[in-house]
Protein chains: 2
Amino acid sequence: MPNRMQLDKIDLRILAVLQQDSSVTNQELADQVGLSPSPCLRRVKALEESGLIRGSVTLLNQNMLGLRLTAFIQISMDRHTPDRFEVFEREVMALPQVKSCSLVTGQSADYLLEVVVEDMDHYQELLLGKLTRIEGVTGVHSSFLLRRIVDRTSLPLEHLI
Amino acid sequence: MPNRMQLDKIDLRILAVLQQDSSVTNQELADQVGLSPSPCLRRVKALEESGLIRGSVTLLNQNMLGLRLTAFIQISMDRHTPDRFEVFEREVMALPQVKSCSLVTGQSADYLLEVVVEDMDHYQELLLGKLTRIEGVTGVHSSFLLRRIVDRTSLPLEHLI
DNA sequence: ATTTTTTAGCTATTATATGCCAACTTAAGT
DNA sequence: ACTTAAGTTGGCATATAATAGCTAAAAAAT
């Protein structure tokens, strides 16, 4: 359903700016992309309308919220049946500590999760109290984040033109 | 350096709303958290000032941009020396396809990357043309995303109060 | 209980968004 | 080459929202 639409250089510049900072005023944005405010706003609205712009969110400082531990968890399931997946996914979606959960290819694991918690105690509680209790979960392997090198919400646009 | 500040229930509600949608007007936000516009705006500004609010960004539709393939790459290095890391990290930061890159604990890998590309051809080009050519990279293991179950930019706030 | 400090809410002002219309550009058709 | 039509821009007027200053109320401290 979501197919590619025609985007010119100005659209791409608009998207590039907004991906970095959605709080720019329409006037500033218009300046930066070389348009006057009204056509600029029209384009932004059209991009929203089309679904290409999904929305805008505020990003918070993880450390200042006391969330000092980020973990990557690989989880494998006993059987690859729809009901196993359904149960697991429903449980995982309900956990606010889960930043992402993906079904992935690969021999060693079915799901890859990124979770965010206060400390090891809370991690243990999440892992042993919640995740490993979900039926079908057989294997779990954790890695912990030591340092972030890249953490982007923006998508590349270089391939378009 | 960034330490926890005092947040009351209203602050948390403000953060919860903005994490989901930063495009709400201050008036709507004030309504939702049960304040009048001016104290609400004051609080938002204070949260920005403190650094707890990092900023706002616009999220785009990955599929509609023709970015159909998401891969998770585990990379191991030959030696764990500062200069090895420096070179690797500098190269990786320059690649717009890299959504995240983290130095992680664990036996099998040093770095975990999430990358976004158009298709397998472009993935191959990125992996063989760029990543494996960085000096010090010895092992690479790729998994591909089949389906996203959770993809959040929001952090949990439940642990505060 | 009184003082001090903090926080809310109102109002006036400024800035910004938004809709409308005319002018311009582009592309296609004759 | 000229004309027509479609689409896009820029400017202006209006509506909406953000912002600062001030007063009142609430909360905290003594």
Side-chain angles (χ1 to χ4, degrees), chain A residues 2-61 64-66 153-154 157-161, chain B residues 2-61 64-66 153-154 157-161:
Chain A
N3 230 332
R4 264 155 97 173
M5 60 185 297
Q6 208 43 23
L7 299 170
D8 64 15
K9 282 132 200 163
I10 296 181
D11 289 317
L12 292 178
R13 254 184 289 175
I14 289 174
L15 295 176
V17 172
L18 292 179
Q19 277 200 124
Q20 298 305 319
D21 181 10
S22 66
S23 71
V24 289
T25 66
N26 183 54
Q27 305 191 357
E28 288 166 353
L29 180 61
D31 270 351
Q32 290 194 44
V33 304
L35 279 180
S36 71
S38 32
C40 183
L41 185 65
R42 255 195 302 269
R43 279 169 182 260
V44 173
K45 295 291 175 191
L47 290 166
E48 285 170 351
E49 193 69 26
S50 75
L52 209 152
I53 288 181
R54 284 167 49 205
S56 301
V57 297
T58 294
L59 304 177
L60 306 183
N61 185 318
M64 286 182 74
L65 290 172
T153 54
S154 62
L157 302 173
E158 287 79 4
H159 64 294
L160 305 168
I161 285 181
Chain B
N3 231 331
R4 263 155 97 173
M5 60 185 296
Q6 207 44 23
L7 300 170
D8 63 15
K9 283 132 202 163
I10 296 181
D11 290 317
L12 292 178
R13 255 183 288 174
I14 288 174
L15 295 176
V17 172
L18 292 179
Q19 277 200 122
Q20 298 304 319
D21 181 9
S22 66
S23 71
V24 287
T25 66
N26 182 54
Q27 304 193 357
E28 288 166 352
L29 179 61
D31 269 352
Q32 289 194 43
V33 304
L35 280 179
S36 70
S38 33
C40 181
L41 186 65
R42 257 196 301 269
R43 280 169 182 261
V44 173
K45 295 291 175 190
L47 290 166
E48 286 169 351
E49 193 68 26
S50 75
L52 209 152
I53 287 181
R54 285 167 48 206
S56 301
V57 297
T58 294
L59 305 178
L60 306 183
N61 184 319
M64 286 182 75
L65 289 173
T153 54
S154 61
L157 302 173
E158 287 79 3
H159 63 294
L160 307 166
I161 286 180

May I have the distance from Q27(B) (atom CD) to dT19(D) (atom C1'), rounded to whole angstrom? 12 Å
First-last contacting nucleotides on DNA chain C - partner chain B, under 4.0 angstrom, heavy atom: dT7(C) to dC10(C)
Test item: R13(A) and L35(A) side chains (from C-beta on) under 4.5 Å apart, heavy atoms: no
Do you know the tightest heavy-atom contact between M64(A) and L52(B)? SD-N, 3.8 Å
Sequence neighbours excluded, every pair satisfying side-chain hydrogen bond (donor to acceptor under 3.5 Å, both in side chains) that has a member inside residues 23-40 of chain B: D21(B)-S23(B)
Proximity to DNA chain C (any heavy atom under 4.0 Å), residues of residues 40-50 of chain B only: R42(B), R43(B)
Indicate, with a heavy-atom threshold strictly under 4.0 Å, whether T25(A) touches base, sugar-phosphate, or nothing. sugar-phosphate
Which atom of V33(A) lies closest to which atom of C40(A), heavy atoms considered: CG2-SG, 4.3 Å
On a heavy-atom basis, which atom in I53(B) and which in L60(A) lie closest, and how many Å separate them? CG1-CD2, 3.9 Å
Of the nucleotides dA18(D), dG11(D), dT9(D), which has the atom closest to the S38(A) side chain? dG11(D)
Report the distance from atom CG of L35(A) to atom C1' of dG11(D), rounded to the nearest whole Å. 14 Å
Spacing between I10(B) atom CD1 and dA27(D) atom C1', to the nearest angstrom: 13 Å
Kindly give the heavy-atom pair with the smallest separation between T58(A) and S22(B), and that separation in Å. OG1-CB, 3.1 Å
CZ (R43(B)) and CG (D8(B)) are apart, to the nearest 0.5 Å, by 4.0 Å
Closest approach of D11(A) and Q6(A), non-hydrogen atoms and distance? OD2-O, 4.2 Å
